[in-house]
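Keep in mind that what you see is a predicted model, and the values were worked out from it rather than measured. Below, chains carry the letters A, B, ... as their sequence lines are ordered, and counting in each starts from 1.
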Amino acid sequence: MFMLEKAMVGSRRYWVWVCALLTLIAVAFGFYLHQLSYGLGVTGMSRDVSWGLYIGQFTFMVGVAASAVMVVLPYYLHNHKDFARMTILGEFLAVAAVTMCMLFILVDMGKPMRVFNVFLYPQFHSVMFWDMVSLSGYLVINITITLVSLHAEQQDVHPPRWIKPVILLSIPWAISIHTVTAFLYCGIPGRTLWRTAVLAPRFLASAFASGPALLILLCLLVRELTSYDVGKKAINSLAVIMTYAMVINVFLLLMELFTAFYSQVPELTEHFKSMYLGTVGPNSLLPWGQLSVFLMIASLIPLLVPTMRRNETILAFTCAMVFSALCIDKGVCLVVCGFMPSPLGTMTRYVPTLPEMTITVGVWAVGALMVTVFYKIALSVEIAREASYVPAYKYAAGEGVTGLQAHARSNQSV
Amino acid sequence: MNALTSFILILVVTGLAFAGGEISSCRVLLDVVLPYAAMAAFLVGLVYRVLKWASSPVPFNIPTTCGQQKSLSWIKSSWIESAHTKLGVAVRMAIEILLFRSLFRNSRAQIRQEGPRLLYSENKWLWLGALAFHWSMLVIVLRHLRFFVEPVPRFILAMDAVDGFFQISAPQLLVTDVVIIVALLFLLQRRLTDPKVRYISLFSDYLALFLLLGIAISGVLMRYFFKVDLEAVKQLAIGLVTFSPIVPASIGALFFVHLTLVSFLLAYLPFSKLVHMGGIFLSPTRNLPNDSRMVRHVNPWNYPVKVHTYQEWEEEFHDKIKAAGLPLERE
Amino acid sequence: MRDKVWIIAGLLLFLGLVTYPAWHDLVAGTTAKPPQLVLPANQKQCVAPLSYMRTSHMKLLLQWRRSVVRDGQTKYVAFDGKVYNMKLSGTCLRCHSQQEFCTRCHNYVGVRTPYCWNCHLDPAQVKRSAR
Amino acid sequence: MKITRKEFLKISGACLVALSGKEVLAVLDNPAEGQSSSSSAGKARKQLGMIVDTRKCAKAEGCTKCIQACNAAHNIPSFQDPDHQIKWIWEKPFDDIFSSYETQYLDASLKEEPTPVLCNHCDNPPCVRVCPTGATWKRPEDGIVMMDWHRCIGCRYCMAACPYGARSFNWVDPRPHIERLNPDFPTRTKGVVEKCTFCSERLANGQLPACVEACPEKALVFGDVNDPKSEVRQMLAKSYALRRRAELGTGPNIYYLI
């Protein structure tokens, strides 16, 4: 069922990478044990800024997870064949991203040993409860889809019929996870930065930009490292999707800024002032807020000029810009600056500490390891399958390779 | 049918233990005689089995190989999967015993209607279930040391802290308790629902599963629901291991069920398939190095063969060969 | 018999591990005597019968916790009709010493000290440390 | 008319969905009520509240007796690091807590006047709405917003949701930072959120909250705001009172007389 053995063979490069990730994870786990014994006081969070990097990164990763829908939907609903070779990569990315989300929540909890209380004493009026439900549901759905379709592909049979409705279900479900995550914030009365109806749309728009950006980067990397190519057309289509999403995201941000600054209601403006202008209070995150806005605007140029977007080198840089802009914006600033100023008007400094950052990197390393292992398995299957379709005349000429050899070869190269 | 009879057998044993616990004259039997007898059967039986295996001759070098054998220097051999050194064998055994390497390789054949085609696919569920069960079992057995040893060793408490990480109810829920029951139920349903596995399942296969399930369930019930007096349990346990047994006044009926089933398991183990616990170490297919190209493996019951080697032959006819002008290996 | 040394050594190791409790208790001189718990001097009867408290005190504590914290009930009518305040520190620890009673027995049977004591205080200990 | 089994199942399923939808809506409308279905009395039931008479409070300059009494009663640790501080009742400049009511011409001494703040025990508390485990809930019998430190998972969603900053989180183990331990009240453990509970433990014994009892100026008045005959209601009927951020619809129950 899991085809784990395919992840157990690989080149030296593969193992060096895996061991490096495992080392990172081990170091981060050490810091986590420290956090567990000492308390969340090891982080830079405080009474006033009670959510920080962990919850920010959680929010951002929910977006990355939800963005799988941007390849699944065109492929399954509109029969967009270009995405045929990319869909499985997108789905696996979603599985890794959701796992990271759950880990970020877990490391942020003051009492992780009571995590099951959420299900033992379910509170249906709490958005957090529904967020847990939708995230775990999304995880189960995506694991099922990826395993079943990969299994069918490996055996060269049609996937079972029941998987189709599950795939269709995954589309609204993906939207729901990020909507519910936005509801976590926008349903809170006292935090004006978050209490806006466009938060969920903005979350989705930024998700559909950042997720595809990461997926494009991964596809380019996969092509560099292996013989698997998702195809230029797929990358171009995805880049177009990313462009639309990014434009909408910037548009929605401008809507927020207009509403705040034209109405000049202090409650609305002060968060933005502290985030982007620095005219309200000393904000340690000011340069980061400015950087993310700069990257967002700057990335629009290569995105909107088709010739630049089609150039893969420029596209790779653009994707990196989009991804990091949104990772800073959603993954740090939007969450942390919601607490600045606090309801009592205090500006509390927030600077993530070394343990906090190491644990965050550790969760990222878990995600990277999952992506590595998943892609290894998926690509081993895909490459072996493709290699086994060698035209008969090539067999005769001895040029072809059997599936088994191709498999072995692909294991070497992946 | 096999499943049903073995289930009934376990039920009968459970019922007897339950009833016996109620009768005070039976308590000595259940608390003292039975555990001693079972332990004796376990130890003697296991030693007997191992010595019997050990004294069986191994006529052939028959390791299972799952990788490239060591041959020419420029062919990369896999030193664990097809171990040719003692170290390789040790590592291979360790992976087999700790991680169930051969079950990891488990596959499933099925006929798909399209075609129809015969398909082989890997199937890790059995591996996962077995791993979950055995590791939980190990942790649970070690955990029971807290009843037999005073003062309780540190590592037991540390293990307990990890196992009971989640703060659910009191006493805190232990993850292994859940895992072992889920794993056993999975292993049982596999035998019952897969027609192929069901066909080859014997009375003893079900008996082992029901026995282990009975032990696990009675233990879980005692820990979380029908409490027993732990102090009395510990007194009984220490009394047993220090050979000064005492019969506590009352512990709770469920305890007798648990103890009787455990005694049953101990006594039954050396004479059942469960003895693979010792057998795994003595399987020639696992513990022999794949070195047939380097070392001569002699069948122990071969009669002594008089060997006349080439060197001896050359020495014998040295002069004649030289005289005939033929080349010699040794001048 | 091939590998005689290994097999015998393995067997002895196994036997040693299985009989470890016996060796340990022999060396440590352990007997089946339970720990001497310090019983309250001023009280004869606990809030529930002894046999119930021995096996199920955790159930009672959970029930008390629920009543006091969730339902706002603070009085407990015991089996003998006496009324108690449902308080861990104020009622239980008035008679029992946490160290000499709770912890000692928990240590004996190897049951981890529950997280009650992360928050709830033993008045006797507080008094001692204040001095 | 004949109903097939399928149709029957459909209809009954739809009814079930509709019913549960109604339930959900009811819960969304007022989570505090949805949680404790036993209390259906609604507005008429008891709601404890407090009046802070800032004029009386201002008389005793530099007085922090209410805070000290609370801290001593509830084992509140004192941290040097303001980031880790635990506060149940504390002081803030008047200007900070009523910024939207101030006129800029108010005398600076009045603007800076330290004013006690604490949990508002809202009618419609956002912290209760967001809590995923029910570790904080609104007590139906007296309207106190309670905390169950045994159930809190430390997600700190309530801290984000509270518009009054009334909630504190135990970033580290508080016990070493408590000056004098009070064995009658539990300390908290690291990783849980805490806040004022209107001294529910004292109310159970028929006592007033510690802060109210400790105030030398009798500036804090405690009582049932749903009872027209209560002292608090008598006072509120006579003078103009402010509530913190009442525009958010939380229904705070701490009233400030100015």
Heavy-atom pairs under 4.5 Å with chain A are the metric here; pick the option from D95(D), D173(D), T189(D), T250(D) that has the most. T189(D)
Between R156(D) and S50(A) the two heavy atoms that sit nearest each other are NE-O, 2.7 Å
Does Y157(D) use its side chain to pair, donor to acceptor, with the backbone of V127(A) at less than 3.5 Å? no
Per-residue contact mode, S37(A) against chain D (heavy atom under 4.5 angstrom): backbone
Write down the atom of L248(D), the atom of P189(A), and the distance for their closest heavy-atom approach. CD2-O, 3.6 Å
Portion of D48(A) that has a non-hydrogen atom of chain D nearer than 4.5 angstrom: neither
Where C131(D) and S126(A) come nearest, the two heavy atoms and their spacing: O-CB, 3.3 Å
Examine distances only and state if a side-chain atom of R114(A) and a backbone atom of C152(D) form a donor-acceptor pair shorter than 3.5 Å. yes
Only pairs of heavy atoms separated by less than 4.5 Å count here; which of V49(A), D108(A), T43(A) has the most with chain D? D108(A)
So which heavy atom on T133(D) is nearest to which on Y121(A), and how close? O-CB, 3.3 Å
Below 4.5 Å from any heavy atom of chain D, which atoms of M45(A) appear? Answer side chain, backbone, both or neither. both
Please determine, among R167(D), K92(D), H84(D), K87(D), the option with the most heavy-atom pairs under 4.5 Å with chain A. K87(D)
Y350(A) versus chain D, heavy atoms under 4.5 Å apart: side chain, backbone, both or neither? neither
Would the distance check show the side chain of R191(A) and the main-chain N or O of A160(D) forming a donor-acceptor pair, the cut-off being under 3.5 Å? yes
Any sub-3.5 Å donor-acceptor pair from W171(D)'s side-chain atoms to V42(A)'s backbone N or O? no
With a 4.5 angstrom heavy-atom cut-off, is it the side chain or the backbone of Y38(A) that approaches chain D, or both, or neither? both
Minimum heavy-atom distance Y164(D)-L344(A), with the two atoms named: O-CD1, 3.8 Å
Please confirm whether the backbone N or O of C155(D) pairs with a side-chain atom of K111(A), one donor and one acceptor, at under 3.5 Å? no
Best-contacting candidate, G154(D), G191(D), P132(D), against chain A by heavy atom pairs under 4.5 angstrom: P132(D)
Atom group of W194(A) that falls short of 4.5 Å from chain D, counting heavy atoms: side chain
For I188(A), is it the side chain, the backbone, both, or neither that has a heavy atom closer than 4.5 Å to a heavy atom of chain D? side chain
Between I105(A) and chain D, with a heavy-atom cut-off of 4.5 Å, which part of the residue counts as in contact: side chain, backbone, both or neither? neither
Please report the closest heavy-atom contact between S168(D) and R47(A), naming both atoms and the distance. OG-NH2, 3.0 Å
Using non-hydrogen atoms and a 4.5 Å limit, figure out which bit of L106(A) sits close to chain D: side chain, backbone, both or neither. neither
Quick check for you: among G338(A), P343(A), P266(A), G110(A), which has the greatest number of heavy-atom pairs under 4.5 Å with chain D? G110(A)
